[in-house]
Amino acid sequence: MSFDVERLLRGEVRDLPVYSPGRSPEEVARELGIPDCVKMASNENPLGPSPLAVEAVREALRSAHLYPDARCLRLREALSERLGVGVDRILVTHGADEAFDLLAYAFLERGDRVVVGDPTFSSYELAARTMGAEVVKVPLRDYRQDVPAMLRAVEGRTKMVVLCSPLNPTGTTVSAEELEEALSGLPEDVLLVLDEAYLEYVDDPGHPDSLRYFAADPRMVITRTFSKIYGLAGLRVGYALCSPPVREALEKVKLPFNVNRLAQAAAEAALRDEAHLERSREMNRRGKQALYRVLEECGLSYVPTQANFILVRNGEHPDLFMQLLRRGIIVRDGAALGIPGHVRITIGDEEQNRRLEAALRDICGGG
Ligand SMILES: Cc1ncc(COP(=O)(O)O)c(C=O)c1O
């Protein structure tokens, strides 16, 4: 039988790369024979989930035979109260990733354009290209999204501009002036998607309060997640804040039960656990300062970050990624993230940071 899947596939899908999540410790152990690796590559919370979330999942398991709430009402109400945003403006999603897919399904078709930074988080491009839209990539300036250049790239077929703040993979943010410039410079019928997956880590007091702008502008869509500081990446839950007509459009294309019962319960509990949030924030703050010092002592330059990861320049160590891997530290190679000559390192807990420090000092001859 000569089955030719290429003839069946849509052209857009044929040309699409498969998302690469980076290597797991198990893979590294199998392929390179290095046991006991630490993974500092996916910007997860090294503290783990909130104990309240774990308890809520245990409880929710008893009802695993029942479909989850398709509208995620309790979680939306909790978010509404926390954020001061109406429930009719909140859509809970299967990770923030699903929000990018839903935006693409609902709004994009062949010939449409989406403007993004270059590099930026890859899911925006995958979602847009799946629908046949063209992705216009605007190079960063000084590791920051170049908002004026992104606005200049907007033309007749542009349906969306995506800003990510803090930006993955550099950890830089969009300023209040830039956000205002984006909103005042965008045509009325273009969506501004602002991905704030790492918002809770930001410690720059000048960082804009996006909700203030969101309240006044129906073009704005804000995406957030429980995968990062809330430590629930494995349960897949995030949310989009959007104007009611946009939410209704997204609801039409989402799966009916897109967020499972355990994820809804965990997210609702995690939202209540202020202490866990603060511990996670503090651990990251301390780890960041410690890592800055180690990098400086090792002669490695880096981009100051507002997130839970740091972009480090390879400098005199072009194979820094492999050298770390051989020492049992998995980070992300910049080449795979569209920023060759760098590695992106997730800030870990004390033990992980210590192992990273020892590896860096070994590589750089810093003692
Ligand atoms: C900038 C950014 N947005 C969104 C996501 C996806 O988050 P989720 O796990 O909620 O799909 C990530 C995950 O790494 C990310 O870095």
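Worth knowing before you read on, the calculation uses all heavy atoms, side chains too, and leaves out hydrogens, waters and symmetry mates. Note that the structure is a prediction, hence the values are computed from the model and not measured. Quick note: residue numbers are just sequence positions, from 1.
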Just so I know, are the side chains of [X] and [Y] near enough to count as touching, which here means a heavy-atom distance under 4.5 Å?
| X | Y | answer |
| --- | --- | --- |
| L167 | P119 | no |
| E181 | E177 | no |
| L140 | T170 | yes |
| T158 | V114 | no |
| F107 | L191 | yes |

Cation-aromatic face contact R344/F309, 6.0 Å, 45 degrees: yes

Within 45° cone of F214 ring axis and under 6.0 Å: R89 NZ or CZ: yes

Backbone of [Y] reached by a side-chain donor or acceptor of [X] within 3.5 Å:
| X | Y | value |
| --- | --- | --- |
| D319 | M322 | no |
| E178 | S175 | yes |
| Q306 | D203 | yes |
| R261 | Y67 | yes |
| K288 | T305 | yes |
| D142 | R144 | no |
| E357 | L291 | no |
| R332 | V343 | no |
| R219 | P187 | yes |
| S165 | V174 | yes |

[X] with [Y], same ILVMFWY side-chain cluster at under 4.5 Å:
| X | Y | value |
| --- | --- | --- |
| V135 | V138 | no |
| I222 | V162 | no |
| V154 | M220 | yes |
| L194 | L151 | yes |
| L300 | I339 | no |

Side chains of residues 90-99: which donor-acceptor partners sit under 3.5 Å, not counting sequence neighbours?
| from | atom 1 | to | atom 2 | distance (Å) |
| --- | --- | --- | --- | --- |
| T93 | OG1 | G95 | O | 2.8 |
| T93 | OG1 | G238 | O | 3.3 |
| H94 | ND1 | N258 | O | 3.0 |
| D97 | OD1 | S123 | OG | 2.8 |
| E98 | OE1 | H94 | N | 2.6 |
| E98 | OE1 | N258 | ND2 | 2.9 |

Under a 4.0 Å N-O cut-off, is there an ion pair linking [X] with [Y]?
| X | Y | answer |
| --- | --- | --- |
| R129 | E125 | yes |
| E297 | R361 | yes |
| R279 | E282 | no |
| D69 | R74 | no |
| E251 | K254 | no |
| E31 | R23 | yes |
| K228 | E44 | no |
| R355 | E351 | no |

Just how far is it from atom [atom1] of [X] to atom [atom2] of [Y], taken to the nearest 0.5 Å?
| X | Y | atom1 | atom2 | answer |
| --- | --- | --- | --- | --- |
| Y143 | H342 | OH | NE2 | 2.5 Å |
| R76 | R247 | CZ | CZ | 5.0 Å |
| K39 | I330 | NZ | CD1 | 7.5 Å |
| E196 | E200 | CD | CD | 8.5 Å |
| H276 | M283 | NE2 | CE | 8.5 Å |
| L360 | L295 | CG | CG | 6.0 Å |

D118 vs V116, side-chain contact (heavy atoms from CB on, under 4.5 Å): CA-CA, chis, key distance, verdict: CA-CA 7 Å; D118 184 22; V116 302; 5.8 Å; no

Donor + acceptor pair across side chains of Y198, N308 (<3.5 Å): no

Short side-chain donor-acceptor distance under 3.5 Å, D273 and Y230: no

Residue pair E77, S80: steps toward the side chain to side chain donor-acceptor pair (under 3.5 Å) verdict: CA-CA 5 Å; E77 282 170 354; S80 170; over 6 Å; no

Geometric class of the Y19/F121 ring pair [parallel <30°, tilted 30-60°, perpendicular >60°]: perpendicular

Derivation of the ring pair (Phe, Tyr, Trp, His ring centres under 6.0 Å) call for H207 and Y201: CA-CA 11 Å; H207 191 259; Y201 288 109; over 10 Å; no

Intermediate values then yes/no, side-chain contact (heavy atoms from CB on, under 4.5 Å), L75 and V237: CA-CA 11 Å; L75 179 53; V237 52; 4.1 Å; yes

